[in-house]
Amino acid sequence: MTRSTHLQAVPDAGPATVAPPPVVPARHPGRWIAAVAALVVFALVVHSMATNPNFQWPVVAAYFTLPAVLNGLWLTLWLTAVTMVLGFALGAVLAVMRLSGNAVLNWLSWTYTWLFRSIPLLVQLLFWFNIGALYPTLSIGPWFAVDTVNLLGGTTTAVIGLVLHEAAFAGEVVRAGILSVDAGQSEAAQALGMTRMRVLRRIVLPQAMRAIIPPAGNMLIGTLKGTSIVSVIAVHDLLYSVQLIYNRNYLVIPLLLVATVWYLVITSILTAGQYYVERHYARGAHRELPPTPLQRLRAVLKGAR
C-alpha cells in the first residue's frame, strides 16, 4: 500500500513591512526667540507712548479734526491725486518715446529722465517758485504777454514741480512694465494685423499692469508723504497747517503727532487699495487667487464656531 504525501501550499507572506519613522517638523528655536524679543520691544514702545505724558494724547485728539487741519489734509490729498494722474500720464508718454525706434524721441525721453531725476525735488520747487527772477514776463510776440509773478502761485508751483519730478520716475516704472511682457505677445498681435498703438493698448499694457502696480503703489505713498515738502513755499498742506497752529500755541509735539496719525491713516487705506488692485491684475497669472485677509478672518471665525 502506497502512502501519498499531500503538500499544502503556504501563501508567501512577502517581505516584512516596517513602519516608517514619524515625521518630526524641524525646530527653529532662533525664530521663536527673535519673535519673542521683537514682541517685547514692540510692547515696550507702545507702553512708553501710552504712558508718557509728554505725548499729550488728549491734545492730539482735540486738534485731530480741527477745520484748519482737515483743510490741509484735503489739499494734501488733492496734490497727491493730481501729481499721480498727471505724472503717470506724462510718464507713459516718456516710456513710449524711450521705447520707440525714433532716435530723437528716444534721446529726448532719456534726457528728461536724467535731468529731473538728478535735481532734488526741493531745488525744483524753489526754482519754479522763483521763476519770475529768470523770466519776469512770458510773451508770444506782441499778441500775448503775462507776468510770471502773478501767474505762478504757491499751489500752481507745487503742482508743476511735483508732476515734472514724478513723471521722470513714472516713465521708468511704465517702461519696466512694458519690457516685462514677452515680445512674442506683440509679434503675434502684429501678425494678426493690429497696429502698434492698438497692440500697446490692448495687449501689452493690460499684462504690464502686474509689474507696474507694485512700484506705482509705492510711488503713490511716497508722493503722499513727499507733498509735505511744499510747506517750504507756503502751500497750506497738512504739515504747513499744523506748523501754523503750533507756531501760535507752542504745542509742537502734539501737532506733529496729528499730522503723523493722519499720514498713517491715509497710507493704510492706500496700502489696502493697492493690495486689491494687484489682486485684480493677477487674475490671469494664477489659477486660484489666495484668500484675502477678510476671507481668512471669516474662515477662522467659521472654524472657531
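In what follows, residues are counted from 1 in the order of the sequence shown.
- With hydrogens and angles disregarded, no donor-acceptor distance shorter than 3.5 Å links the side chain of E278 to the backbone of R210.
- Side-chain contact between Q56 and I253 is absent, with no heavy atoms from C-beta onward closer than 4.5 Å.
- Linking ILVMFWY side-chain heavy atoms closer than 4.5 Å, directly or via other members, places L164 and I229 in two distinct hydrophobic clusters.
- You'll find the side chain of F129 stays beyond 4.5 Å of the side chain of V230, heavy atoms only.
- I119 and V232 are members of different hydrophobic clusters when ILVMFWY side chains are connected at heavy-atom separations under 4.5 Å.
- Residue L238 holds its CG atom at 10.0 Å from OG of S231, rounded to the nearest 0.5 Å.
- A salt bridge links E172 to R98: at least one charged side-chain nitrogen sits closer than 4.0 Å to a carboxylate oxygen.
- In the hydrophobic clustering of ILVMFWY residues, with side-chain heavy atoms under 4.5 Å counting as a link, L264 and L220 come out apart.
- The minimum heavy-atom distance between V235 and A158, with the atom names listed, is CG2-CB, 4.3 Å.
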With a 3.5 Å cut-off and sequence neighbours excluded, list the donor-acceptor pairs that the side chains of residues 239-246 form with protein atoms.
unit_1	atom_1	unit_2	atom_2	d
S241	OG	D237	O	2.7

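- More than 12 heavy atoms of other residues, nucleotides or ligands shown are found within 6.0 angstrom of OH on Y276.
- The heavy-atom pair separating S100 from N106 by the smallest distance is O-ND2, 3.9 Å.
- By the 6.0 Å contact criterion, CH2 on W107 is open, its count of non-hydrogen atoms from other residues, nucleotides or ligands being 12 or less.
- Hydrophobic clustering keeps L79 apart from L70 (ILVMFWY residues linked when any side-chain heavy atoms are closer than 4.5 Å, directly or through intermediates).
- One distance of note links CZ of F55 with CG of L256; it measures 11.5 Å at 0.5 Å rounding.
- Closest non-hydrogen pair, S109 versus L94, comes out as OG-O, 2.7 Å.
- Of all heavy-atom pairs between A168 and R117, the closest is CB-CG, 3.8 Å.
- Looking only at side-chain heavy atoms (C-beta outward), W57 and M49 come within less than 4.5 Å of each other.
- Taken to the nearest 0.5 Å, the CG atom of L257 stands 11.0 Å off from the CG atom of L251.
- Taking CG of N71 as the reference point, atom NE2 of H236 lies at 10.5 Å (rounded to 0.5 Å).
- Across A211 and G177, no two heavy atoms sit closer than the pair CB-CA, 4.0 Å.
- Linking Ile, Leu, Val, Met, Phe, Trp and Tyr residues whenever their side-chain heavy atoms come within less than 4.5 Å places V252 and L255 in a single cluster.
- The side-chain heavy atoms of V85 and V163, taken from C-beta on, include no pair separated by under 4.5 Å.
- G161 and L125 make their closest contact through CA-CD2, 4.0 Å (heavy atoms, listed as atom of the first residue, atom of the second, distance).
- Residues T223 and E166 form a side-chain contact, since some pair of their non-hydrogen atoms from C-beta on lies under 4.5 Å apart.
- Here L126 contributes atom CG and I233 contributes atom CD1; the two are 7.5 Å apart, rounded to the nearest 0.5 Å.
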### Task
Using the side chain to side chain contact (heavy atoms under 4.5 Å, CB included) rule, take W78 and V159 through it: C-alpha gap first, then chi angles, then the decisive distance, then the call.
CA-CA 10 Å; W78 183 83; V159 170; 3.8 Å; yes
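- L162 is not listed as a side-chain neighbour of V82, based on a closest heavy-atom distance of 4.5 Å or more.
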### Query
After noting the C-alpha distance and the side-chain angles of T156 and W128, does the key distance pass the side chain to side chain contact (heavy atoms under 4.5 Å, CB included) rule?
CA-CA 9 Å; T156 306; W128 289 110; over 6 Å; no
### Query
Run the side chain to side chain contact (heavy atoms under 4.5 Å, CB included) check on Y112 and L90 step by step: do they pass?
CA-CA 11 Å; Y112 178 96; L90 181 57; 3.6 Å; yes
### Query
After noting the C-alpha distance and the side-chain angles of R175 and L99, does the key distance pass the side chain to side chain contact (heavy atoms under 4.5 Å, CB included) rule?
CA-CA 8 Å; R175 185 172 71 92; L99 296 173; 3.8 Å; yes
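- For the pair V40/L44, a side-chain contact is recorded, criterion being any heavy-atom separation below 4.5 Å from C-beta on.
- Residues T76 and W262 form no side-chain contact, since every pair of their non-hydrogen atoms from C-beta on lies 4.5 Å or further apart.
- With rounding to the nearest 0.5 angstrom, the OG1 atom of T157 is 9.0 Å from the CG atom of N130.
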